[in-house]
There are 2 protein chains.
Amino acid sequence: MRRADLERSVNTASSGGAVTLQMVAAEAGVSPSTVSRILNGTARVKESKVRAVEAAISKLRFTPDPVARSLARGRSMSVGVVTQSLGSPFYGEVLSAIEERLIRANYAALFISGHYREADERRSVDHLLARRVEGIILLNSCLPEQELVNLARGAPLILTGRAVTAARIHCLDVDSTAGARLATDYLIDQGHRRIAHLAGPADHADALQRLAGYRKALSAARIPFAKELVVDGDYTAAGGMRGIDALLDSRQEFTAVFAANDETAYGAMLALHRRGLSVPKQVSVIGYDDLPASRFTIPPLTSVHRATAELGERAAEAIIELIEGRTVTRSDTPSTLAVRESTRSLRR
Amino acid sequence: MRRADLERSVNTASSGGAVTLQMVAAEAGVSPSTVSRILNGTARVKESKVRAVEAAISKLRFTPDPVARSLARGRSMSVGVVTQSLGSPFYGEVLSAIEERLIRANYAALFISGHYREADERRSVDHLLARRVEGIILLNSCLPEQELVNLARGAPLILTGRAVTAARIHCLDVDSTAGARLATDYLIDQGHRRIAHLAGPADHADALQRLAGYRKALSAARIPFAKELVVDGDYTAAGGMRGIDALLDSRQEFTAVFAANDETAYGAMLALHRRGLSVPKQVSVIGYDDLPASRFTIPPLTSVHRATAELGERAAEAIIELIEGRTVTRSDTPSTLAVRESTRSLRR
DNA sequence: TTAGGTTCTGCAAGCGCTTTCATAAGTGAC
DNA sequence: GTCACTTATGAAAGCGCTTGCAGAACCTAA
């Protein structure tokens with residue numbers, strides 16, 4: 001086969017092909033039903049016909065039309081994925097994994113973003129439902145719990161970052177408390193006592209969990225919680241800058257900062273730098289999510305690492321299970337701490 | 001029909017999914033054709049029936065099934081988008097814009113990634129074609145030109161970052177040369193003469209263009225091109241680090257670095273930092289793409305800014321035009337330079 | 001050879017919607 | 001009031017594939 005032919009066969013095999021299963025049947029001298037059965041393995045077919053059909057298929061370059069198939073089977077073979085932001089590196093990794101896993105199981109993934117806004121998210125979900133997706137993965141949804149429960153009657157749901165118990169809902173990676181605890185414990189372990197926390201948006205379950213983990217770690221170490229060391233953020237770098245500025249302006253003393261996510265930490269590091277404070281010499285900084293870029297910040301950021309690819313893969317697997325009516329056994333993916341150079345020990 | 005009767009006898013405004021156009025027709029006392037015509041505005045219908053049908057629709061909460069619709073119309077109403085990496089922040093922004101625009105035009109977007117690998121990309125395209133997308137947007141495709149030309153026979157194509165002239169192909173944002181020129185000119189303007197370039201992968205059209213722009217700027221300023229100041233990279237931060245290390249190890253002198261993209265620049269800045277060289281005091285660094293994170297690096301990175309959202313929107317618009325058989329008038333989006341703190345003037 | 005089972009395989013009826021095509025209804029004009 | 005013509009609407013035939021049903025073909029045992 002010449003190179004050009006090869007390319008044609010690879011790429012145009014399935015394209016706008018007016019080739020239908022009917023034509024394959026005619027070519028092979030069998031009925032459409034038989035072709036369908038061979039295609040789907042839904043019944044035994046005599047060997048000779050199988051060969052004839054296979055020959056016809058490759059001769060005509062037939063690919064079954066997924067639309068017709070969906071209609072006939074009453075299944076769209078697609079699942080919706082609502083991400084908060086297609087652009088975020090954190091979600092990006094998760095999405096890749098979801099995509100990969102779903103394709104492998106012959107589902108199409110419809111990605112759509114919610115922009116961290118309730119109304120947008122609702123609109124996105126409606127859109128997906130109108131497209132007849134068979135299930136929906138909601139990454140860190142911010143919809144009210146009751147609404148999610150209702151939604152689940154229409155299509156099974158996978159939720160990340162929050163815990164909702166209801167039929168046809170499965171939650172993954174529900175608890176950030178442990179991760180936050182890990183980060184804070186580490187700082188404490190390194191001798192820090194005055195640890196600030198740049199929190200995430202208060203309407204996000206995971207942001208609250210991170211705060212809770214921080215508090216737990218403090219109290220376990222008998223360090224009194226100082227609310228003036230906690231400032232609100234919004235999971236953005238700009239928010240992180242504002243947080244540090246606020247802390248410094250109000251003359252708080254602190255030797256370490258636990259940021260609710262990496263982006264916040266980036267902003268924090270920049271703000272500290274601007275104020276002439278060196279990281280980690282004067283202030284240790286720790287983030288959450290361990291974005292790929294965090295290996296390359298100056299200094300490289302210590303961060304709570306989440307198994308993003310694994311999370312995505314599990315989400316995809318879980319939605320498939322749910323769609324196919326099986327039950328999913330819950331299993332959170334543990335977080336670990338990626339220790340790099342933005343933190344240092346106060347002990348000597 | 002058995003099903004329709006069943007639903008009717010149960011007589012519920014059943015939860016979304018199961019309502020068919022047939023049921024709406026029955027409820028409104030008209031024929032399915034009429035309902036369809038009202039839905040699509042394909043013919044005039046008497047006002048009273050329109051109202052009856054609309055009432056039935058909202059009473060039953062009917063949404064037309066896109067699968068059935070696609071089959072009947074012979075149009076999938078979906079377009080494929082091949083990105084190189086779902087996780088990359090640069091593509092993320094573009095994708096968001098594409099998504100938004102496509103949805104607005106009632107198309108579904110199927111995102112899938114090519115991982116910068118020819119084989120993966122080919123597989124992705126095949127997958128999309130098998131899904132019967134009506135058009136494909138290829139973001140920085142690395143497939144050979146001939147193959148793209150063939151592909152275009154199957155479905156119209158939008159290409160970014162490269163120029164291929166053929167029927168049913170439209171290219172956008174084809175030239176990075178100007179952007180690279182902008183960056184290099186700026187450095188020269190600031191008095192730099194020894195400017196290193198951390199190049200992108202040689203099999204990427206845009207990487208070569210960036211190199212070309214760099215060379216053009218040099219020669220325009222009568223600065224001899226020194227090939228030892230150009231090192232290969234791969235558009236990653238790790239590659240940027242390796243690049244700087246190589247440069248420094250071979251004892252090259254330079255006061256500025258033009259990185260082929262922002263990620264490379266991040267790595268470069270870290271490597272310089274590790275070697276004790278201050279940015280911008282001793283070395284100026286400039287990137288390309290102006291990722292959102294670049295405002296928050298230390299120091300904030302000067303970078304060639306691309307109108308990502310606009311690019312995405314145009315790509316979406318272009319594919320729609322092509323699908324609907326119209327012609328697209330080419331128009332590149334201009335790049336600008338976002339000057340921040342990673343560069344400084346050598347003049348005084 | 002024949003009854004009683006097994007396998008195969010084709011027919012035809014959908015899946016939910018669109019779209020001719022033809023009929024019914026409505027409109028003027030004469 | 002009739003004719004020619006426009007307009008609204010329904011019946012029915014698909015779109016390409018799946019699947020229940022039943023007949024055909026093939027076995028095996030007696």
Side-chain angles (χ1 to χ4, degrees), chain A residues 14-53 56-57 60-78 106 129-132 134, chain B residues 1-8 14 16-53 56-57 60-78 106 130-132 134:
Chain A
S14 43
S15 74
V19 186
T20 72
L21 177 146
Q22 291 260 17
M23 296 164 64
V24 171
E27 172 77 27
V30 299
S31 78
S33 336
T34 300
V35 178
S36 170
R37 285 191 268 253
I38 291 175
L39 245 31
N40 302 292
T42 42
R44 296 203 51 175
V45 174
K46 212 198 294 177
E47 185 55 26
S48 64
K49 301 206 173 178
V50 173
R51 275 199 303 275
V53 168
I57 287 177
L60 301 180
R61 306 242 174 85
F62 169 74
T63 340
D65 183 330
V67 174
R69 207 169 233 199
S70 288
L71 184 60
R73 299 213 267 235
R75 299 197 42 190
S76 69
M77 290 309 284
S78 65
N106 270 306
L129 254 15
R131 286 258 165 200
R132 303 290 196 271
E134 296 182 45
Chain B
M1 293 153 222
R2 189 180 311 126
R3 182 134 95 86
D5 290 340
L6 179 68
E7 291 287 341
R8 260 159 78 62
S14 58
V19 185
T20 74
L21 178 145
Q22 291 258 16
M23 295 163 64
V24 171
E27 172 76 27
V30 300
S31 77
S33 336
T34 301
V35 177
S36 170
R37 285 191 269 253
I38 292 174
L39 245 32
N40 303 292
T42 43
R44 295 203 52 177
V45 174
K46 211 197 293 175
E47 185 55 25
S48 63
K49 302 204 172 177
V50 173
R51 276 200 302 277
V53 168
I57 287 178
L60 301 181
R61 299 244 176 83
F62 168 74
T63 345
D65 183 331
V67 175
R69 204 171 236 195
S70 288
L71 183 59
R73 298 212 269 236
R75 297 195 45 189
S76 69
M77 290 309 284
S78 64
N106 269 307
R131 284 260 167 199
R132 302 290 197 271
E134 296 183 45

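Because only heavy atoms are used, hydrogens play no part in the values below, and waters and symmetry mates are left out as well, while side chains stay in.
Distances were taken from every side-chain heavy atom of Asp65(B) (C-beta onward) to each of dC17(C), dG16(D), dT9(C); the shortest belongs to dC17(C). Distance from the side chain of Ala72(B) is smallest for dC15(D) among the nucleotides dT19(C), dC15(D), dT9(D). The listed nucleotides are dC8(C), dT18(D), dC17(C); the one nearest the side chain of Arg69(A) is dT18(D). Of the listed nucleotides (dT9(C), dC17(C), dC17(D)), dT9(C) has the atom at the smallest distance from the side chain of Arg37(A). Looking at the side chain of Thr20(B), the nearest of the listed nucleotides dC17(C), dC8(C), dC17(D) is dC17(C).
With rounding to the nearest 0.5 angstrom, the CD1 atom of Ile57(B) is 5.0 Å from the CG atom of Leu39(B).
Between Val30(A) and Arg37(A), every side-chain heavy-atom pair lies at or beyond the 4.5 Å cut-off. Put simply, the side chain of Asn40(B) reaches to within 4.5 Å of the side chain of Arg73(B), judged on heavy atoms.
Here the P atom of nucleotide dT19(C) and the CG atom of Leu71(B) are 12 Å apart, to the nearest Å. Atom-to-atom, CG of Leu21(B) to C1' of dT19(C) comes out at 13 Å; the value is rounded to the nearest Å. Atom P of nucleotide dT18(C) and atom CG of Asn40(B) are separated by 5 Å, given to the nearest angstrom. At whole-Å resolution of the value, CZ in Arg75(B) and P in dT18(C) are 13 Å apart. If you take CZ of Arg73(B) and C1' of dC15(D), they are 13 Å apart, rounded to a whole angstrom. As rounded to whole Å, 12 Å separates atom C1' of dG10(C) from atom CD of Gln22(A). In this entry the distance linking CD1 of Ile38(A) with C1' of dC8(C) reads 11 Å, nearest Å.
Within 4.0 Å (heavy atoms only), Val30(B) reaches sugar-phosphate atoms of the nucleic acid but no base atom. Among the heavy atoms of the strands lying under 4.0 Å from Thr34(A) are primed sugar atoms or P, OP1, OP2 only; no base atom is included.
Across all non-hydrogen atoms, the minimal contact from Asn106(A) to Arg131(B) is O-NH2, 3.3 Å.
Across the interface with DNA chain C, nearest-nucleotide mapping of Val67(B) and Ser33(B) shows Val67(B) to be the residue nearer the 5′ end. Nearest-nucleotide positions on DNA chain C place Pro64(B) closer to the 5' end than the other of Lys46(B) and Pro64(B). Mapping Ala68(B) and Val35(A) onto DNA chain D via the closest heavy atom, the residue that lands nearer the 5' end is Ala68(B).
At distances below 3.5 Å, at least one donor-acceptor pair connects side-chain atoms of Glu134(A) with backbone N or O atoms of Ser76(A).
At dT7(C), none of the side-chain N or O atoms of Arg44(A) fall inside 4.0 Å of OP1 or OP2 (strictly under the cut-off). In this model, the phosphate group of dC8(C) is not approached by any side-chain N or O of Lys49(A) to a distance below 4.0 Å at OP1 or OP2.
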